[in-house]
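First the structure, in the form of structure tokens, and then the observations on it.
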Amino acid sequence: MLYRTAGQFKTSYQADQALFPVRQDAVLLAVILAFAYVIFPLTASEFTFQTLLIPILIYSLAALGLNILTGFAGQLSLGTAAFMGVGAYACYKMITLMPWMNPILAILFSGVFSAGVGVAFGIPSLRIKGFYLAIATLAAQFFLVWLFEKWAWLYNYNASGAIQVPNLDIFGIYVAGPLASSITQYYVVLGIVTLLTVICINLTRGNLGRTWKATRDMDIAAELIGINLMKSKLTAFAVSSYIVGVAGALFVFMWRGAAEPNLFDIPLSFQILFIAIIGGLGSVMGNYLGAILIVGLPVLLNLVPETLGIPIKSATVEHLNIMIVGSLIVFFLIVEPHGLAQLWRLIREKLIIWPFPH
Amino acid sequence: MKNFAKLAAAAAVASITAGAALAEGLYTPNLAYRTGPFAATGIPLMNGQKDYIEMLNARDGGVGGVKIEFEECETGYSTQKGVECYEKTKGEAIVTQPWSTGITLQVLPKTNVDMIPILAPGYGFSPMMDGKTFQWAFNVPSGYWDGASMILQYLQGQGDLKGKKIAFLHLDHPYGKEPLPLLEANADTMGYELLPIPVGLKEMQNQSAQWLQIRRARPDYVVMWGWGAMNAGAITEAVKTKYPMENMIGVWWSGHDADLRLVGDKGKGYKSISWSFPELESQAMADIKKHVVDTGKTLSNEEEMQGVFYGRGVVMSMILAEGIKVAQEKYGVGEINAEQLRWGLENLNITEERLAELGMSGMVAPFSTSCSNHTGHSGGWMLEWDGTKFVKVSDHLSPDTSGYADLAATKAAEYAEANAPWPVNDSCGG
């Protein structure tokens, strides 16, 4: 009905390989983008911006970065949060050393540093695989957080060891720091996330993406058909860490406003890994769905008792929340072990052939 | 992707209704943590805060005849949840009680924009005492530098510190690092050797490496800046390594009865500096018992209510209530707003007489704030664990604020510069 593909003929290979072979997909995306770019900013309150829209976008981006590495190239990483930290600290240092720098450029450039660090920690992946590689990335996680704590130059010798985002403006409009309005920050985040998502979609559909997938599916076979594993794995580490680093810079500069080293500790890595797994490994859209479930849903659940006027202690709400979100994660993984993206894919397929299933 | 739109639309609706649901009396949210790794130390404090306000509501109908709506928003000590709570409550709130150094750091720069005072009794950033720079933040009645200064004074009272070795066992976190500049500055003038020993957040419960270092270095004193599970870890390790307990001194957050009860008699002699003391016989405690405990409204229990932390929670709420009262008297309205409360907190004058009126003599030392002094520097007492409870073992100690006034001014100026444009209240003198 809604997804009727009858009458949409493909007359060339190019049309068949297009990003949206079915017209309704494009329409749906346009609607979502319209919501993201126009309707949410017009209607959202400060609370919605700060607790739902901005964090969901940033977490999605971080999960997207991880997904490139784990989902597309098959290299398990437990060090995502540390690479986010590299991005955040790099951005902080650039901004404080060169206050004239455009903050958006600084954010985009900070990913380069985390890409470098990511490649360095990715080198062991040439020799080790699977769980063993996970341990190597875990080492990155512990080492980098330790470095953020001990290297006082990184936080400008601040007595409390934390970094604080100064007020930054572009042409007189504050984009970061306490004076920045949520809507500006939202648009900056949305713009960067959109840009990187488009790049990622194209990368994963192109030559590089196919190389990654071949490496993931069977690296010996990939090597035999002439894929340079070193290049494939290291580019995956570089691209992934770049995106994760940018997400880290956005995380601190566009949302949190301040950060202490242990923010980038292992719980954050796990949270992002869960987003990627529940959303669906090897999918771009899944990261968004996963972030909505893991980041957005708890916030919404917290509001439910108050909205309905049920008097429950806020600590009880928190306990309930943990239980509900936990059981939902289990539920979704039982219903669809390949993640929410696969769930959507199945729904879409069913819609296309509806009402005549085979 | 369809879900995203639906969920977000629901969120928008929910947040609008959530904002409208409140507004009755004076809304003073507390960003509490009754869950998570620090819950054990958080709960008694939060119960004390809550019970005092409930008592005021039941006994006097609130403050100045206006009921206080004291709502808790659960953070689990997570900065992310804390910011969520801050955003959720800031529309109606007249005060923010952030309850963790991480959340304070996040919220502090926003206060100039949102114009809501931060009440951080006994925690947070020490330079907040500079009211000119930090117009909206209050760390009454004592900051960490006050605490460190009082500890040093007490130690000097025990004998000259020259040539002594002081180990500073602290949580490797903004909170634990807070007194370092002061301890370092005093090391030269007082002639002691400072040995900072950080405890990582992950090593809180297993401090064998740190205590091995202490055993090797044989410091004359161990000064501890710990929180949550770190306190119990340190105290049990100290007992295990047979470190003389009377030479171990904690900050006020390291003096939790439950942590000491674990070791009981073996912890005898352990000390903790404190700006509050639980006077169980006081009128205020009796009123809490009558109006809150006996009516079954409390979440606390007999044993917890005798502890130092519960009593401290009561004092915290007293400070808030006094701030409200001062503001009500000045502006002649019951339902004061955030800006008026700021004035109230800035003009607190808690004298010995006022404490007697409140039925809280001895629970906190008298102090007063002004527009340039947002801490009050009440001073406090050295408490000692006698095997079953904490008792006062010193006279009232006053911090030597002149020793670090310059340091505070420099740090405050640095902060203002790093966050430029930062409004400084030049109108206030002194």
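Letters A, B, ... mirror the listed sequences (proteins, then strands); counts begin at 1. All of these numbers come straight from a predicted model, not from anything done at the bench.
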*Side chains of A/K93 and A/N156, donor plus acceptor under 3.5 Å*: yes
*Any side-chain donor paired with an acceptor under 3.5 Å for B/W253 and B/Y144?*
yes
Can you find a heavy atom in the side chain of [X] that is under 4.5 Å from one in the side chain of [Y]?
{"X": "B/Q97", "Y": "B/I118", "value": "no"}
{"X": "B/W99", "Y": "B/T75", "value": "no"}
{"X": "A/L53", "Y": "A/L57", "value": "no"}

*Return the option, out of B/Q106, B/K177, B/E414, B/K110, with the maximum number of heavy-atom pairs under 4.5 Å with chain A.*
B/Q106
_Out of B/H173, B/E178, B/R34, return the one with the most heavy atom pairs under 4.5 angstrom to chain A._
B/H173
_Tell me which of these, A/E149, A/Q50, A/E318, has more heavy-atom pairs under 4.5 Å with chain B than the rest._
A/E318
*So which of A/L263, A/T96, A/V165, A/D265 has the largest heavy-atom pair count under 4.5 angstrom toward chain B?*
A/D265
*asked:* If I measure from the heavy atoms of chain B, does A/F142 come under 4.5 Å with its side chain, its backbone, both, or neither?
replied: side chain
*Side chain, backbone, both or neither: which part of A/Y174 has a non-hydrogen atom closer than 4.5 Å to chain B?*
side chain
Please classify the contact of [X] with chain A as side chain, backbone, both or neither, using a heavy-atom distance under 4.5 Å.
{"X": "B/T79", "value": "both"}
{"X": "B/L108", "value": "neither"}
{"X": "B/Y33", "value": "neither"}
{"X": "B/L180", "value": "neither"}

*Kindly give the heavy-atom pair with the smallest separation between B/P109 and B/Y415, and that separation in Å.*
CD-OH, 3.6 Å
*Carefully, step by step, assess B/F134 and B/F125 under the rule ring pair (Phe, Tyr, Trp, His ring centres under 6.0 Å).*
CA-CA 10 Å; B/F134 299 100; B/F125 196 43; 5.7 Å; yes
